[in-house]
Amino acid sequence: MKDVRVRFAPSPTGSLHIGGVRTALYNYLFAKKYHGKFIIRIEDTDQNRFVANAEQYIYDSLEWLGIKADESVIEGGPYFPYKQSERKDIYKKYANELLEKGLAYYAFDTNEELELIRTKQKESGENNFQYNAATRMSLRNSLSLSKGEVNRLIQMGTPYVVRLKVPAKEEIRLFDLIRGWVMVHSSTLDDKVLMKSDGLPTYHLANVVDDYLMKISHVIRGEEWLPSAPTHVLLYKSFGWEADMPQFAHLPLLLKPGGDGKLSKRDGEMLGFPVFPLQWRDKETQKLIPGFKEEGYLPEALINFLAFLGWNPGTEEEIFSLDELIEAFSIERIGKSGTKFDINKAKWFNQFYLHKKDPSYFTEEFKKILDPAGLWNGGIKLNLWVKLVQERSTFESEMVLEIKNLISKIEAFDQSLIDSKWNIDAKNGLKEFSEQLALLNEITAEEAKTLLNKILETQNTKPGKVLQILRVSLTGKGAGPDLMTIIELLGPQEISKRIIHFINRFPLSMD
RNA sequence: GGUCCGUUCGUCUAGGGGUUAGGACACGUCCCUUUCACGGAUGAAACACGGGUUCGAUUCCCGUACGGACUACCA
């Protein structure tokens with residue numbers, strides 16, 4: 001195989017969505033697997049849709065995920081510049097080359113003229129209008145107009161585009177690494193615009209020229225590009241670059257959970273899960289939409305989840321670090337069919353990676369959250385609290401919340417449990433327990449358990465009758481982390497206080 | 001409408017001419033846990049349909065259905 005050079009080529013027209021992230025990931029994995037280069041090229045040839053901070057967002061997102069570029073606007077590289085808006089002259093030169101060869105032509109039809117033809121054609125029930133060998137002689141272009149007329153129009157500064165002259169009858173074959181041979185007849189192809197009237201190239205031209213110039217070996221991109229891939233093949237042929245044409249791999253699309261259409265940027269809010277890696281402020285609504293990061297997903301979990309959306313290693317192993325993915329990745333094992341996005345699996349991955357984290361990973365962050373709430377006094381054994389809640393949580397946010405609830409004053413007590421479990425036996429047990437605890441300055445979970453059992457034994461009360469109401473008295477709730485550890489961490493003084501408070505707040509009717 | 005791509009449990013998928021069609025998520029049950037969760041065990045759950053080819057097809061071929069992408073001077 002020749003030197004592997006792949007590119008991720010996003011256009012900065014908004015936030016990068018999760019399908020784009022997966023495309024970037026697959027490119028990255030493939031590059032690293034074969035010790036090649038991963039290139040980020042910014043395709044900002046659409047001036048109308050340009051969004052100012054979108055480019056930075058792309059870098060930030062990939063950085064968060066640990067996907068590093070070898071060549072890009074930031075890293076630089078031998079094929080600088082890596083931003084298409086800075087390569088205008090290059091495209092112009094190549095467009096001219098095609099024009100000279102007679103493989104492209106000027107077209108003067110205005111948008112309005114074409115739009116009119118399209119709607120007319122649609123209304124009469126015919127197939128969509130195509131600008132191609134069958135129609136171009138009846139349109140206004142350098143093929144149908146006289147040389148003099150063309151020169152005159154250009155001289156006058158009439159806006160024009162450059163179109164590819166697609167041959168009338170030709171079978172175009174392209175080999176896709178994922179789908180095999182794809183055959184398309186040239187008569188079904190449009191004479192695509194190569195240069196727009198604003199002097200900027202369209203995707204098709206810029207993409208092919210840059211891939212060639214940057215010596216891209218493999219084009220790994222979403223399946224939405226498959227229909228225009230034959231046009232790209234034609235472009236390589238027109239330039240005489242067939243021998244250097246990259247290999248194509250068109251990735252299956254990420255679909256909405258319902259399966260009805262590809263996942264789009266709007267879906268996140270509607271379906272209740274993130275579709276962006278990082279938070280993003282929608283420029284129309286000005287709403288800040290949280291990303292996977294803000295929703296509490298760990299980067300390694302997102303990576304692992306995304307890698308398995310359309311690819312698998314062929315073994316039953318499912319947990320892979322980025323390095324392990326590089327090792328295992330291969331294009332042959334990418335699936336053909338669209339993949340519905342199921343957030344449950346992402347949650348599962350997150351839970352798995354969250355449980356594996358060392359508690360110290362969370363403590364600094366938690367201090368920052370607990371401190372302003374007045375819940376952090378430096379004396380709290382935070383790493384023990386983290387351990388207590390970690391294995392029960394899927395997200396970091398659940399952990400802080402649970403710790404917060406445990407440490408702070410109880411707002412509400414579970415009334416139904418009080419109704420069913422709060423009785424004189426329980427009260428006697430709790431009372432004695434709190435009195436004993438009041439004498440102590442600290443107690444371990446083990447000691448607390450022994451102490452409680454001893455008290456209940458002398459009172460002839462079964463632990464089962466008391467334990468849950470003790471939990472309610474200490475936490476307000478009927479379920480939660482290990483009670484005895486909570487007692488150890490909160491300390492006997494605090495526990496004693498909480499029990500007394502509870503007894504006073506909920507007097508028994510016989511009192 | 002046209003062109004192209006696709007179709008194995010609800011979801012992600014393994015497999016591949018003869019298999020009890022395997023795993024994971026989610027779901028159910030049980031165990032563990034004096035709670036919840038984790039963990040363990042277990043259950044239910046799939047080859048879109050119709051024709052070929054073949055001794056035999058879920059697997060190969062052809063149709064049909066269904067789904068998707070594209071059909072811009074957007075990428």
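Chain A is the first sequence line, chain B the second, and so forth, proteins listed ahead of strands; every chain is numbered from 1.
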Whole angstroms only, please: what is the [atom1]-[atom2] distance between [X] and [N]?
X	N	atom1	atom2	answer
A:K356	B:G39	NZ	P	13 Å
A:F349	B:A26	CZ	P	11 Å
A:R221	B:C70	CZ	P	13 Å
A:M484	B:U35	CE	C1'	11 Å
A:N350	B:A24	CG	P	20 Å
A:L255	B:C66	CG	C1'	14 Å
A:Q468	B:U34	CD	P	13 Å
A:E316	B:U13	CD	P	16 Å

With a 4.0 Å heavy-atom cut-off, tell me which residues in residues 115-124 of chain A come close to RNA chain B, sorted by residue number.
A:R118
For residues 476-483 of chain A, which residues have at least one heavy atom under 4.0 Å from RNA chain B?
A:G478, A:A479, A:G480, A:P481, A:D482
Report yes if a side-chain nitrogen or oxygen of [X] is closer than 4.0 Å to either non-bridging phosphate oxygen (OP1 or OP2) of [N]; otherwise report no.
X	N	result
A:K196	B:C74	yes
A:S393	B:A37	no
A:N312	B:A14	yes
A:R163	B:C73	yes
A:T339	B:U11	no

Rounded [atom1] spacing from [N] to [M] in Å:
N	M	atom1	answer
B:A41	B:A48	C1'	34 Å
B:C25	B:A14	C1'	15 Å
B:C9	B:C5	C1'	24 Å
B:G67	B:U11	P	15 Å
B:C12	B:A26	C1'	11 Å
B:U58	B:G52	C1'	16 Å
B:U64	B:U7	C1'	13 Å
B:A45	B:A21	P	13 Å

Report the base-pairing partner of [N] (Watson-Crick or G-U wobble, both distances below 3.5 angstrom), or none.
N	result
B:C70	B:G2
B:C27	B:G43
B:U7	B:A65
B:U20	none
B:C60	B:G52

Taking everything shown except [X] itself, do over 12 heavy atoms lie less than 6.0 Å from its [atom1]?
X	atom1	value
A:R333	CZ	yes
A:E411	CD	no
A:Q121	CD	yes

From the list [options], which nucleotide is the closest neighbour of the side chain of [X]?
X	options	value
A:T202	B:G68, B:C25, B:C73	B:C73
A:R333	B:A14, B:G1, B:U34	B:A14
A:N127	B:G1, B:C74, B:U34	B:G1
A:R471	B:G68, B:A26, B:U35	B:U35

Using 0.5 Å steps for rounding, measure from the CG atom of A:D109 to the OH atom of A:Y131.
3.5 Å
Atom pair CG/NZ of A:L98 and A:K93 - distance to nearest 0.5 Å:
12.5 Å
Would you check if the distance from the ring center of [X] to the ring center of [Y] is below 6.0 Å?
X	Y	result
A:Y26	A:F329	yes
A:Y297	A:F349	no
A:Y203	A:H232	yes
A:F413	A:F506	yes
A:F341	A:F305	yes

So, under a plain 3.5 Å distance rule, would you say the side chain of A:K345 forms a donor-acceptor pair with the base of B:A24?
yes
Per-nucleotide protein contact string for nucleotides 4-10 of chain B (B base, S sugar-phosphate only, - none; heavy atom under 4.0 Å):
SSSS---
Hey, which of these two, A:T188 or A:A346, hits RNA chain B nearer its 5' end, going by closest nucleotide?
A:T188
Please compare A:F341 and A:E391 by the position of their nearest nucleotide in RNA chain B and report the one closer to 5'.
A:F341
Steps toward ring pair (Phe, Tyr, Trp, His ring centres under 6.0 Å) verdict (A:F292, A:F273):
CA-CA 8 Å; A:F292 276 89; A:F273 57 78; 7.8 Å; no
Remember a base hit wins even if backbone is also touched, and classify [X] as base, sugar-phosphate or nothing at under 4.0 Å, heavy atoms.
X	value
A:D414	nothing
A:N453	base
A:G222	nothing
A:V193	sugar-phosphate
A:S228	nothing

A:D210: which of A:K83, A:R7, A:R41 passes salt bridge (charged side-chain N to carboxylate O under 4.0 Å, His left out)
A:R41
Sole residue of A:D211, A:V6, A:I216 in side-chain contact (heavy atoms from CB on, under 4.5 Å) with A:I39
A:I216
Sequence neighbours excluded and cut-off under 3.5 Å, please list the side-chain donor-acceptor pairs for residues 156-169 of chain A, or say none.
unit_1	atom_1	unit_2	atom_2	d
A:T158	OG1	A:L153	O	2.8
A:R163	NH1	A:D191	O	2.8

How would you list, by chain and number, every residue that makes a salt bridge (Lys or Arg N to Asp or Glu O under 4.0 Å) with A:R140, sequence neighbours excluded?
A:E113
With sequence neighbours left out, which residue pairs that include part of residues 452-487 of chain A fulfil the ring pair (Phe, Tyr, Trp, His ring centres under 6.0 Å) condition?
none
